[in-house]
Enquirer: 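Structure below; questions to follow.
Ligands are counted one by one from 1 in listed order, and the atoms in each one are counted from 1 as well. This one's a predicted model, so the numbers in the text were calculated from it and none came from an experiment. Along the sequence shown, residues carry numbers from 1. Side-chain atoms are counted along with the backbone in the values below, which use heavy atoms only and exclude waters and symmetry mates.
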Amino acid sequence: MQRDLYQQMVLIRAYEEAILREYHADKKPVFDIGAGLIPGEMHLSAGQEPVAAGVCAHSIPGDSVTATHRPHHFALAHGVDMKAMTAEIFGRVDGLGRGRGGHMHLFDPMTKFSCSGIVGEGLPVAVGQALAFSRRGTGNVAIAVAGEGAANQGAFHEALNLAAVWKLPVLFVIEDND
Ligand SMILES: Cc1ncc(C[n+]2csc(CCOP(=O)(O)OP(=O)(O)O)c2C)c(N)n1
């Protein structure tokens, strides 16, 4: 178990370092956000890999994850196909969303993984998934990930309130990376 967790963390860190290299490759000498193989913004999770590895080690098939604009570590730990998500990050047609979503919008119905560039967006989505799990009696849990920056969003409070009132199987994970 400990070795699996460590392996997972090393894989995530190596992945993020590789994406960082590719992201910066053609944006020099003066940083140009629109240039290169991965144009646009990039939010990496190096340093946060223990959270994803630790949480996902306890999940079972059928559990869902709604992640944030910083999603790669949870996508990998949850079992999203690395090739398909990497193709999406590079904007290729063989990506999870045919290359139209990019790195903040990875959607994978197969593993029930999603993420969003809208801060706090995944929390009410997870409550809806948990309601479905509860009604169907699947025994699954919806894992809702958010940064501490999401805690002042209305959606954050609405999601926590509804999940508690309806006693839904949601695990709220707040990643406080300062
Ligand atoms: C609803 C909404 N408001 C503002 C933004 C702009 N924005 C993007 S990332 C970010 C900070 C998020 O902080 P946190 O959730 O703690 O995540 P971190 O980037 O620190 O991992 C903000 C305000 C946004 N994407 N969505």
Enquirer: According to a hydrophobic-cluster definition based on side-chain heavy atoms being under 4.5 Å apart (Ile, Leu, Val, Met, Phe, Trp, Tyr only), do F156 and L131 belong together?
Expert: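 Shared cluster, yes.
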
Enquirer: Does atom 24 (C) of ligand 1 have any protein heavy atom closer than 4.0 Å?
Expert: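 Under 4.0 Å from atom 24 (C) of ligand 1, at least one protein heavy atom found.
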
Enquirer: Would K27 count as a cation-pi partner of Y23, with NZ or CZ less than 6.0 Å from the six-membered ring centre and within 45° of the ring normal?
Expert: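 Yes.
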
Enquirer: Nearest protein heavy-atom contact for atom 9 (S) of ligand 1: which residue, which atom, what distance?
Expert: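 Of the protein heavy atoms, H69 NE2, 3.6 Å lies nearest.
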
Enquirer: Does some non-hydrogen atom of the protein lie less than 4.0 angstrom from atom 1 (C) of ligand 1?
Expert: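 Within 4.0 Å: yes, protein heavy atom nearby.
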
Enquirer: Quick test: of every protein heavy atom, which one is nearest to atom 14 (P) of ligand 1, and how far off is it to 0.1 Å?
Expert: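 Result for atom 14 (P) of ligand 1: G149 N, 3.5 Å.
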
Enquirer: Say whether E16 and S45, considering side chains only, have a donor N or O and an acceptor N or O under 3.5 Å apart.
Expert: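 There is such a pair between these side chains.
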
Enquirer: Could you tell me if the side chain of S59 sits less than 4.5 Å from the side chain of I143, heavy atoms only?
Expert: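 Of all side-chain heavy-atom pairs linking S59 with I143, at least one is under 4.5 Å.
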
Enquirer: With heavy-atom distances below 4.0 Å as the criterion, list the atoms of ligand 1 near E148.
Expert: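 Within the 4.0 Å cut-off of E148, ligand 1 contributes 16 (O).
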
Enquirer: Output the list of atoms in ligand 1 that are nearer than 4.0 Å to some heavy atom of G147, sorted by atom number.
Expert: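 Ligand 1 atoms under the 4.0 Å threshold to G147: 14 (P), 15 (O), 16 (O).
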
Enquirer: Taking both backbone and side-chain atoms of V119, is any N or O found less than 3.5 Å from an N or O belonging to ligand 1?
Expert: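 Yes, since at least one N or O of V119 sits under 3.5 Å from an N or O of ligand 1.
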
Enquirer: Side chain, backbone, both or neither: which applies to Q153 and ligand 1 if a contact is any heavy-atom pair less than 4.0 Å apart?
Expert: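 It is the side chain that gets close, since no backbone atom is under 4.0 Å.
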
Enquirer: Show me which atoms of ligand 1 lie under 4.0 Å from any heavy atom of A150.
Expert: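 Those atoms are 15 (O).
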
Enquirer: In terms of the angle between their ring planes, are F31 and H24 parallel, tilted or perpendicular, with boundaries placed at 30° and 60°?
Expert: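 Answer is tilted, since the angle falls between 30° and 60°.
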
Enquirer: Starting from atom 20 (O) of ligand 1, find the nearest protein heavy-atom neighbour and note its residue, name and distance.
Expert: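 The answer is N177 OD1, 2.9 Å.
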
Enquirer: Could you see which bit of R70 sits under 4.0 Å from ligand 1, with heavy atoms only: side chain, backbone, both or neither?
Expert: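 Near ligand 1, R70 shows its side chain, while the N, CA, C and O stay back.
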
Enquirer: Taking a hydrophobic cluster as the set of Ile, Leu, Val, Met, Phe, Trp and Tyr residues connected by side-chain heavy atoms closer than 4.5 Å, whether directly or through intermediates, do L37 and M82 fall within one such cluster?
Expert: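 L37 clusters together with M82.
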
Enquirer: Nearest heavy-atom pair of C115 and P71: which atoms, and what distance?
Expert: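 So the minimum-distance heavy-atom pair works out to SG-CB, 3.6 Å.
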
Enquirer: Can you list everything that forms a side chain to side chain donor-acceptor pair (under 3.5 Å) with E175? Sequence neighbours excluded, please.
Expert: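 Only Q48, H73 meet the side chain to side chain donor-acceptor pair (under 3.5 Å) criterion with E175.
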
